[in-house]
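Since the model is a prediction, treat every value here as computed from it, not as a measurement. A note on names: the letters A, B, ... follow the listed sequences, proteins ahead of strands, and every chain is numbered from 1.
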Amino acid sequence: MKAIRTRFAPSPTGYMHIGGMRTALFNWVFAKHHQGTFILRIDDTDQARNVESALEPILQAFRWLGIPWDEGPETGGDFGPYFQSERTESYQKHCQTLIEKRLAFYDFTTPDQSRAEREAAEKEKRNYINNRNDFDLDSATIQERIDRGDNYVIRFLVPRDTDEKIVIDDAVRGRVEFDPSTMPDPVIMRSNGLPLYNFASVIDDASMQISHVIRAEEHLSNTPVQALLFDALEFERPTFAHIPYVAAPGTKEKLSKRKLEQYRKNPKFKKLFEHGDFIFPLLGLENNGGLDPVMVEYYEKIGYLTDAVFNALARIGWSLDDQTEIMSRETIVENFTLDRIVKSPAGFDPDKLLSFQSDWMGKVPLNEKALNCIPYLATAGYVHAGEKEFAHDYIEKVVAAVGDRLVVWSDILRFDEFFVTDDQLKFEEKAFQKRVVKPEDACPLLAELAEELTGANCQTAEEFDQFVHQFVEKKEIGIGQIIHALRVAVTGKAAGVGMFDAMALLGTERCVKRIRRTLELASSSDSQ
RNA sequence: GGCCCCAUCGUCUAGUCAGGCCUAGGACACCGGAUUUUCAGUCCGAUAACGGGGGUUCAAAUCCCCCUGGGGUCACCA
């Protein structure tokens, strides 16, 4: 059997699109399933300038997700170069071949003229086809006009005068037919000698011996052109597999960076945006660091697990069977086949991603969790380099108390009460009013509790538990009458980790300090 | 508008190719209950879908046709 070779060909845009990542992932998984090769090829025919800086975030996304490319930038390979900007010679050579075979021609029609013709066709609700006025120009005339500086373009000649349909046997969609008599002759080369996408893509796929072109459905419509080009160049056509594009949550519309403002209002996206808005400023990223949920980097920065994102992405438009949801990348590679790809567009569901994340986070051992939280705490300024040793031990205890509330790494920043000094602790205004100021007995009870706690010297959560229970028993009140006020006093918040875990983390002395500070604040807010 | 693709719970999907095992299965979300000092979690439970119409057949979510709806794409972008 022929060696399986797949590729992903991003253009250096400065970020990695989550939908593109899913396409790349399918390519990688498919290749690995067949012990094949996955290639990264850079589509930089258009913008030769800041390729390096615009490429880096893309490579980083691949590294982060754990999708290594066997051939491509940095790694090289036998079929390089892997930057299209370095392959122009090859495109020109093949273009020349087509011209000689009279399968391509110089076209001096101006862009304005072409546009006018296209618009006219549209206006008359007619299919647009380019004119072939310049097809019969003899070489002397062509040379003369080129020398004169006339702008031209090279078009591939579509075989329109045939009844034969172009048939694509798509691995996902089955047989798809196109009628060549309705297709315009595509431009394959500009006069500056640079190729257009459809042309460069075909030549590279052929020379890199790509066996399967797995790409998003939006490319289905330029597949006939490419198929024709493969034939004309006498290259063997690869197997095409057009996978559904990734849609915006709850819609069938392609997920797009241009519609971000609209997504902010999307209820499915709401939680995700809110989390980012909360977390990024704490990490010192102004304007959210230019990050948004369409970008892979967004999930990396927020602290998603790569296994979770990998799992979630694999499940968009693909399933293993009627049950299995949680899958390791090994399981996915082992079971991935093209025939189980769904045909209709699949909405990206942030809730589902989060649920995958919880599952995967549940498998992470405690010490590893703590280790991963440290960079977040450090960046936010809650932990300092010098105190790493102390910090790890303490952070591990906090993380243990936080338990399942830690879903993404950055969630640790929601528990700042364990990292700020007692006089810096912020109180949630609403909770403070409701639990401390408003209930008449809250402050006296807190005062008394603080008094008794001073001499108690509790250490463990159990001891705090016992202490508080004894206290309420003695006062003949329910625990509910004190616990809420106590929580707000000690943590500043209405909700959080287990009350006694929180107290044990802080220790008797700090709990007392915080309660006393609470009482001061309460009395001053009373008198206002 | 031309060309092309798609159509099962709110969402992601299984089932469609090889019609019966489907009074349509799973997961997420939502809702309810239990547990708990709060939040979360966990455990139980409930609601929820074959777009419509015609065929074919003993039998159709599954095959055929039409309609409707949704979407992609129509560059000297990729």
(message) The side chain of A:Arg487 is closest to which nucleotide in this list: B:U38, B:A27, B:U11?
(response) B:U38
(message) If you only use heavy atoms from C-beta on, which nucleotide in B:A78, B:C6, B:A27 is closest to the side chain of A:Pro345?
(response) B:C6
(message) Output the rounded distance in Å from CD1 (A:Ile316) to P (B:A27).
(response) 19 Å
(message) Suppose we define a pair by two distances each less than 3.5 Å, Watson-Crick or G-U wobble; what does B:C22 pair with here?
(response) none
(request) Would you indicate what A:Glu177 reaches in the nucleic acid, counting non-hydrogen atoms under 4.0 angstrom: base, sugar-phosphate, or nothing? (result) sugar-phosphate
(message) Can you measure A:Phe178 atom CZ to B:C3 atom C1' for me and round it to whole angstrom units?
(response) 8 Å
(request) Give none if B:A59 has no partner; otherwise give the nucleotide forming a Watson-Crick or G-U wobble pair with it, both distances under 3.5 Å. (result) none
(message) Counting the atoms with a prime plus P, OP1 and OP2 as sugar-phosphate, which does A:Gly480 contact under 4.0 Å by heavy atoms, base, sugar-phosphate, or nothing?
(response) nothing
(request) Start with the C-alpha gap between A:Asp351 and A:Lys271, add the side-chain angles, then the distance that decides, and say whether salt bridge (Lys or Arg N to Asp or Glu O under 4.0 Å) holds. (result) CA-CA 9 Å; A:Asp351 282 334; A:Lys271 257 195 279 177; 3.5 Å; yes
(message) Nearest to the A:Lys252 side chain among B:G72, B:A78, B:G70, which nucleotide is it?
(response) B:G70
(message) Suppose we call a contact any N or O donor and acceptor under 3.5 Å apart; does that hold for the side chain of A:Glu325 and the base of B:G26?
(response) yes
(message) Just to be sure I understand the rule, does A:Thr110 reach a base, reach only the sugar-phosphate, or reach nothing, if contact means heavy atoms closer than 4.0 Å?
(response) base
(request) To the nearest 0.5 angstrom, please state how far the CD atom of A:Glu417 sits from the NZ atom of A:Lys493. (result) 3.5 Å
(message) Return whichever of A:Arg126 or A:Ile483 has its heavy-atom-nearest nucleotide of RNA chain B closer to the 5' end.
(response) A:Arg126
